[in-house]
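For reference, the structure is listed below as structure tokens.
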Amino acid sequence: MKKTDQTMITKNKNVYFEECIEAIKNSDNIFLASHIHPDGDNIGSLLALGMALKTFNKNVNIIKVDDIPKDYLFLPNIDLFVEPNPKDPIDLFISLDCSDLDRLGIGKELAIKANRLINIDHHITNENFGDINIVDPFASATGELVYHLIKKIGIEINKDIATCIYVAISTDTGSFMYDSTTSETHMIAADLISKGINTNNIIVNLYQSRSIERTKLFLKTLNTLEVIFNGKVAFVMLTQDMLKECNANMEDSEGIISFVRDIEGIEVACILKEYKENEIKLSLRSKNIVDVSEICFKFNGGGHKRAAGCTIFDNIKNVKNIISDEIYKYFR
Ligand code: AMP
Ligand code: MN
Ligand code: MN
């Protein structure tokens with residue numbers, strides 16, 4: 001993987017923002033789509049940019065490629081997410097928070113069909129698949145890049161747009177805790193708060209509304225905890241049977257991995273989620289040393305230094321062995 005230089009990115013970013021604005025101005029039918037397993041950064045960024053472009057008199061379509069987790073249903077204009085209509089002409093497709101085209105799921109087809117493709121993202125593993133790429137791995141969230149884009153277009157950031165960008169940044173920084181959080185992140189957040197957003201309402205909806213089913217799933221999953229490599233690596237696993245026993249969905253697993261990472265002395269935390277019998281989605285988190293995006297990249301996944309994911313097609317026990325062998329390389 002190429003290492004990226006922050007000054008180069010900042011220099012190029014302004015040029016790419018100009019190109020991006022030009023492409024937006026020259027397009028009437030603009031499509032955006034979520035990534036598979038959409039998260040707060042993805043959903044917040046899509047809604048914010050979608051709302052902004054609508055005020056710019058564009059025909060904006062936000063395509064839903066996967067279920068929207070319940071946590072985000074409180075967001076303003078969430079019903080802007082619609083099913084795709086393959087007949088629609090697509091002048092411009094804007095991909096947000098996606099490191100590669102496959103992450104777009106059924107949205108990939110629309111992206112390829114579009115006359116122009118813009119790729120706005122902050123994953124270190126981004127493949128620069130757009131005609132125009134605004135990729136900044138130093139941004140804490142895609143929401144930060146969307147904030148700059150909206151401001152540069154000259155669209156007023158109203159309370160609803162501010163709410164969505166705030167959610168994007170808050171969720172992708174672990175509530176402003178990850179080391180990706182910079183002074184700029186806080187300055188953007190301050191500006192968003194000045195738009196009159198209800199931060200308490202956002203926090204209660206995002207972080208203080210865990211259902212009983214989800215709580216039971218937390219307990220069950222935490223019971224599988226295994227700590228290896230001298231207390232530095234922790235694994236938990238979540239099977240389809242466990243979901244059934246708790247009457248929960250896979251989206252209810254959100255947050256378990258942070259709890260495991262937060263154990264004293266743990267450097268790498270891993271959750272193995274059984275989506276199907278031989279389809280295991282991994283989430284990895286780290287604290288100080290290990291770049292977990294490097295590990296996930298080896299398995300066609302990606303992410304960031306401190307948070308990454310991938311899917312491995314094998315049974316859960318084999319996947320655990322495969323991934324612990326990879327992690328072990330960092331602790332030899
Ligand atoms: P997760 O573990 O799913 O919460 O994801 C952590 C980070 O890694 C997020 O920024 C995701 O967008 C990214 N990520 C997760 N899975 C993949 C994947 N299969 N390919 C690329 N990036 C991923
Ligand atoms: Mn995302
Ligand atoms: Mn993100």
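Both ligands and their constituent atoms are indexed starting at 1 by order of listing. Quick note: numbers below take in every heavy atom, side chains included, and nothing from hydrogens, waters or symmetry partners.
- The protein heavy atom nearest to atom 2 (O) of ligand 1 is Ser283 OG, 2.6 Å.
- The aromatic rings of His123 and His304 lie parallel to each other, their planes meeting at an angle below 30°, with 60° marking the opposite boundary.
- Heavy-atom contacts of Gly302 reach the following atoms of ligand 1: 8 (O), 13 (C), 14 (N), 18 (C), 20 (N), 21 (C), 22 (N), 23 (C) (cutoff under 4.0 Å).
- If you chain together hydrophobic residues whose side chains sit under 4.5 Å apart, Val292 and Phe229 fall into the same group.
- Counting heavy atoms under 4.0 Å from ligand 1, residue His123 touches it through the side chain alone.
- At a cut-off of 2.8 Å, Asp39 is counted among the residues with an N, O or S atom near the Mn ion (ligand 2).
- Considering backbone and side-chain N/O of His304, one or more are found under 3.5 Å from N/O of ligand 1.
- Atoms of ligand 1 found under 4.0 Å from any heavy atom of Gly303, numbered from 1 in the order shown, are 8 (O), 13 (C), 22 (N).
- Heavy-atom separations between His35 and ligand 1 are all 4.0 Å or longer.
- Closest to atom 17 (C) of ligand 1, if we only count protein heavy atoms, is Gly309 O, 3.3 Å.
- Contact atoms of ligand 1 toward Gly301: 18 (C), 19 (N), 20 (N), 21 (C) (distance under 4.0 Å to a heavy atom of the residue).
- With a heavy-atom cut-off of 4.0 Å, Lys281 touches ligand 1 through its side chain alone.
- Only side-chain heavy atoms of Ser99 come within less than 4.0 Å of ligand 1; its backbone N, CA, C and O stay farther off.
- A salt bridge links Lys108 with Asp102; the closest basic N to acidic carboxylate O contact falls under 4.0 Å.
- Using a 4.0 angstrom heavy-atom cutoff, Arg285 counts as in contact with ligand 1.
- Taking the Mn ion (ligand 3) as the apex, the angle formed with OD1 of Asp97 and NE2 of His122 is 90°, to the nearest 10 degrees.
- Asp172 and His122 share a donor-acceptor pair across their side chains, judged by distance under 3.5 Å alone.
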